[in-house]
Amino acid sequence: MAYLSLTNISKNFENVVAVKDFNLNIEKGQLVSFLGPSGCGKTTTLRMIAGFEIPDTGTIFLDGVDISNIPPNKRDIGMVFQAYALFPNMNVRENIMFGLKMQRRPKDEMIRRAENVLSLIRLENTAKRYPHQLSGGQRQRIALARALAIEPRVLLLDEPLSALDAEVRVVLRGEIRRIQSDLGITTVYVTHDQEEALSISDVVVVMNNGLIEQVGSPQEIYRKPNTRFVATFIGTANEFHGFVSDSSHVQCDEINIYSTRVGKLATGVKVVLLVRPENVEIYDQPPGRDTQNVFEGKIDTITFHGAITRLGINASGKIITADVSISSRAPVTHNQHVWLSFDPEYCQVMAE
Amino acid sequence: MAYLSLTNISKNFENVVAVKDFNLNIEKGQLVSFLGPSGCGKTTTLRMIAGFEIPDTGTIFLDGVDISNIPPNKRDIGMVFQAYALFPNMNVRENIMFGLKMQRRPKDEMIRRAENVLSLIRLENTAKRYPHQLSGGQRQRIALARALAIEPRVLLLDEPLSALDAEVRVVLRGEIRRIQSDLGITTVYVTHDQEEALSISDVVVVMNNGLIEQVGSPQEIYRKPNTRFVATFIGTANEFHGFVSDSSHVQCDEINIYSTRVGKLATGVKVVLLVRPENVEIYDQPPGRDTQNVFEGKIDTITFHGAITRLGINASGKIITADVSISSRAPVTHNQHVWLSFDPEYCQVMAE
Amino acid sequence: MDISRKSKPTASQIIFITLFLLYMIIPIIATYVFSIATRWDRSILPEGYTLQGYRDAMKNPYFLITLKNSLVLSFGSVLVSLLLIVPTVYWVHLKVRLAKPLLDILMILPFGIPGVVLALALVQVYNFAPLNRSPVLLTSAMVVFTMPFMYRSVSNNLEAIDIPTLTEAAQSLGANTIDILVKVIIPNILPGILSGSLLVFATVFAEFTLARLIVGAGFKTFPMLLVEYTRKDGTIAAGLSVISFTIAWIVSLLILWVGGKGMKTSQDVIKAH
Amino acid sequence: MDISRKSKPTASQIIFITLFLLYMIIPIIATYVFSIATRWDRSILPEGYTLQGYRDAMKNPYFLITLKNSLVLSFGSVLVSLLLIVPTVYWVHLKVRLAKPLLDILMILPFGIPGVVLALALVQVYNFAPLNRSPVLLTSAMVVFTMPFMYRSVSNNLEAIDIPTLTEAAQSLGANTIDILVKVIIPNILPGILSGSLLVFATVFAEFTLARLIVGAGFKTFPMLLVEYTRKDGTIAAGLSVISFTIAWIVSLLILWVGGKGMKTSQDVIKAH
């Protein structure tokens with residue numbers, strides 16, 4: 001059995017469905033992200049694991065024991081909140097020692113442990129400071145240290161980086177991942193930021209409207225989205241609407257696109273075909289005959305993003321987005337006539 | 001002469017240098033970004049163009065006329081603020097018509113113009129709403145429309161997207177660029193977000209400590225940074241510290257790196273050599289003999305970012321960051337033995 | 001042991017709150033009832049109802065005089081307070097932000113000045129004509145006494161509105177100083193000005209100690225008349241109370257209404273931060 | 001025409017502010033001086049200084065009695081106010097957020113109740129033993145009268161601290177309800193509790209109207225003694241004023257100090273939003 005297991009969890013708030021029939025197994029030491037737009041139920045699920053909400057139906061097992069009816073202060077679960085939730089009346093060391101004090105640990109052990117977690121987050125010199133004297137990033141690290149100090153069985157993080165600046169966010173997510181890996185602590189991470197979820201997780205759980213849309217590794221989620229919601233919520237995608245014309249082709253308006261991902265969809269089914277910008281190849285000459293899915297177009301917009309340049313290509317009225325990397329030698333110019341192709345393997349097809 | 005020209009501008013606040021000897025020419029219709037960390041002087045410079053601050057020295061010419069001593073309400077310059085600065089007591093239409101009312105334009109012209117700018121920002125249906133009824137993104141669009149309604153000679157934007165969510169930010173910066181291009185309005189855009197500056201600008205002015213570090217197109221700034229500050233503030237870079245060993249080589253610790261960018265730096269000069277992660281090539285077999293700057297290493301960390309995967313490679317103790325794109329077929333695994341190379345053309349060298 | 005956000009209030013808490021509300025409201029309701037009761041000392045409910053108390057109250061020649069005096073005093077205090085406080089606060093907010101903490105401290109002091117002490121000090125210091133024991137002196141005292149209310153209202157409103165940025169936005173759109181003041185600043189701090197004015201009005205209208213100690217019988221106010229009647233006729237006093245309370249009540253409702261409007265328009269700027 | 005942030009204040013504005021400060025402060029200083037002046041009606045400065053006024057004041061047997069009465073009344077009101085308001089506000093904040101606007105409205109009402117009316121209503125309604133004209137009744141009146149101060153202080157403090165999240169954070173760290181209250185909630189709303197208590201204390205200590213109308217001579221308070229002396233001996237009255245004012249002043253300073261501390265610790269949570 002998995003270390004943390006949620007079975008058939010449902011939760012309504014005054015007749016509004018927050019979470020519906022949620023099933024998930026989390027292995028020991030994994031970092032699992034709940035990813036979705038606000039209101040998708042990810043935070044409610046996390047709060048049920050923490051014990052702040054009671055599921056209407058279903059059971060939560062931790063290490064083989066049903067914890068559904070254990071109050072939050074007996075669950076041995078560490079939690080990090082978006083708003084830091086440091087105790088303003090205590091200094092950093094007192095904040096970190098709070099959980100240990102509740103467990104009535106011996107004084108010297110508390111002090112040693114506080115020093116350990118402070119060095120883990122590299123903030124040894126802040127022990128005597130008060131929360132209001134720290135930056136947002138520092139506060140969130142202290143909150144992490146405080147949660148880790150009690151050596152919880154599971155660490156829960158509820159949008160821990162949302163209140164921080166972009167730069168701090170990137171640095172801190174790297175640190176969270178490093179510490180989590182080093183300690184091997186089972187972690188559930190809630191976020192609405194797909195980049196964050198992809199870069200930090202072992203497993204991503206994409207949620208929408210209280211339901212799980214897909215569970216998988218970041219690579220699976222990104223490369224093989226099961227649903228249109230997953231495909232468009234994560235990353236960017238060109239969308240083509242049409243219908244299945246045979247077991248490996250989709251007819252979209254005038255054009256017929258070859259895809260190896262039609263799967264078991266029946267001929268005639270209305271579908272949407274998705275191609276990510278980085279899977280659109282650009283040529284300044286017509287490509288060879290063995291290249292599939294070749295279309296002509298004219299460069300409409302050029303946006304420089306550093307390592308990549310994003311092109312908007314007008315192909316018979318439809319704007320197709322393509323990303324070209326800095327190493328592609330051919331310079332592009334506005335209104336340039338170009339050819340583009342989609343690799344059939346990267347043309348995701350899903351029923352509308 | 002350029003359309004907007006700043007010559008020898010300096011400004012101190014109580015003995016603190018805010019801007020020092022700032023010289024810049026902006027052509028008509030260009031979008032120029034001032035990019036730098038907070039406190040670099042970018043906003044002060046913008047405020048001097050607007051007339052909210054008076055330069056201690058130097059002159060500002062607009063369309064050939066010295067505007068340094070013209071009060072802000074006579075400069076004919078549109079301004080968009082980070083905090084929106086919509087008038088809370090007026091509805092959207094009244095906000096937009098405020099500037100036209102100040103110019104005592106005929107009523108029907110005001111109404112027509114308000115409708116025009118509202119359709120420009122695609123918010124025709126909000127005319128009667130009050131600012132507090134709109135989302136942040138909508139408010140900032142209204143602020144843009146209000147600034148554009150008076151057909152200013154120059155449009156100034158002071159971190160217009162900082163208060164908005166990541167998603168809205170990306171959409172709105174595209175719209176700002178589209179509207180700016182369509183109207184051909186000379187624009188100065190202040191931001192601390194390098195991605196924003198790169199993606200939106202004709203010209204980027206990188207500032208630090210009140211001084212201009214570099215002026216150039218986004219591509220120039222990104223690919224050929226003049227200073228170490230520019231190279232590290234914009235994008236990510238691997239840094240190697242060493243000294244020039246001959247006209248095309250830099251000796252860094254044990255390794256000797258071939259670079260075509262040593263330029264006129266004398267042999268023996270202490271330098272830093274910078275290579276961006278996307279310019280580090282990865283091989284699972286030793287590459288051919290004609291490949292330059294080849295090193296061996298072991299994959300230490302793998303972070304998935306969607307279109308690219310970021311690798312941390314341990315090359316004899318030093319962690320080198322490399323980005324591999326999704327289309328590179330070879331899957332990578334933890335602790336894998338790999339070879340990496342830097343293209344000599346992308347090895348930036350600058351004196352320390 | 002659960003203090004989660006969703007749990008229902010317990011019965012004891014409901015009882016507690018109910019008693020608490022009754023404790024506050026019963027005397028007020030009783031005053032209303034008493035003012036129209038014929039006799040109410042022998043039974044739980046009054047024996048009959050009449051408006052005689054009100055008729056008698058209004059017959060007193062002092063009724064209109066004291067009402068007028070109190071209104072003049074209240075409006076006068078509001079006016080002086082506005083002229084003193086609004087420009088000062090606006091100026092501090094726009095130009096000398098550093099002076100704001102100092103002003104915050106100064107403006108809490110009137111809370112610490114006992115009305116009795118203030119009245120005595122003023123009577124002693126300004127005991128020369130034409131100030132001595134004059135309505136002017138009383139007005140000054142009232143202004144000082146109610147200053148914190150006006151200051152807080154205006155200052156909080158200015159705080160909520162980002163005045164410097166709005167000023168610059170208006171300037172960039174071609175507005176001159178007068179346009180900015182009339183079309184941007186004043187409309188946006190109007191809720192603060194109004195709610196401050198109403199608080200000052202209500203407080204001054206109800207104030208008894210200062211009026212009695214500073215001017216005494218020379219300039220009788222409505223609360224003074226009311227106190228006089230408490231010794232003479234309970235029903236008439238109750239009637240006067242009802243009138244006084246109704247005026248105060250209307251003013252309070254206006255404060256809430258204006259405050260609510262102010263809140264709404266300020267949200268725009270508050271959310272932006 | 002320039003209203004930019006950096007321009008210097010003009011001379012007229014400086015004069016304006018200075019006059020304004022003098023107007024507020026002179027009477028207070030004068031009271032201090034008057035309390036130790038031998039004679040001060042024939043010259044600009046007093047002719048000599050003496051502490052005789054204080055000695056005389058303290059000789060009055062009522063001095064200690066009224067001081068004690070006022071202190072008992074003030075502490076009593078603070079205690080009742082705390083017991084009534086703090087649990088209610090905490091409960092509303094944590095569990096029934098929807099009731100908060102209602103409570104906000106209820107809590108502005110005492111501003112709209114004239115002291116005179118309240119006193120009259122209470123005397124009329126609770127005119128049976130043991131309540132009638134008792135210190136208990138006076139305390140109730142004081143509590144109602146000063147309720148907005150306590151409510152605002154505690155409520156603002158609770159508003160600034162994210163109580164539900166702090167509660168959850170403490171729970172996740174293994175704390176039970178008592179630990180949470182004692183170690184997390186109370187320490188963090190202490191500034192609000194203290195500043196509310198001090199405001200109530202200062203107001204009750206200085207209140208004259210309610211005390212005089214509700215209990216009268218039966219339970220003489222310090223302000224009543226003060227008013228009595230204004231008719232008899234100006235210097236002694238000034239001495240009592242100084243004592244009263246000094247107590248109020250100390251309380252005010254405490255309010256500011258406590259308020260400042262509260263601000264600082266609340267910043268943490270405020271900045272997080």
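These numbers come from the heavy atoms of this one structure, side chains and all, not from hydrogens, waters or symmetry mates. As the structure is a prediction and not an experimental result, all values here were calculated from the model. Per chain, numbering begins at 1; letters A, B, ... match sequence-line order.
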Rounded to the nearest 0.5 angstrom, the OG-CD1 distance for B/Ser199 and A/Ile308 is 10.0 Å
So OG of A/Ser162 and CG of B/Asp165: to nearest 0.5 Å the spacing works out to 9.5 Å
Rounding to 0.5 Å, atoms OG (A/Ser201) and CZ (B/Phe304) come to a distance of 11.0 Å
Within residues 36-43 of chain A, contacts to chain B at heavy-atom distances under 4.5 Å involve none
Neighbour count above 12 (heavy atom, 6.0 Å) for A/Asp343 CG
yes
Within residues 169-198 of chain A, contacts to chain B at heavy-atom distances under 4.5 Å involve A/Arg169, A/Arg173, A/Glu195, A/Leu198
Verify the neighbour count for atom CD of A/Glu167: are there more than 12 heavy atoms of other residues, nucleotides or ligands below 6.0 Å?
-> no
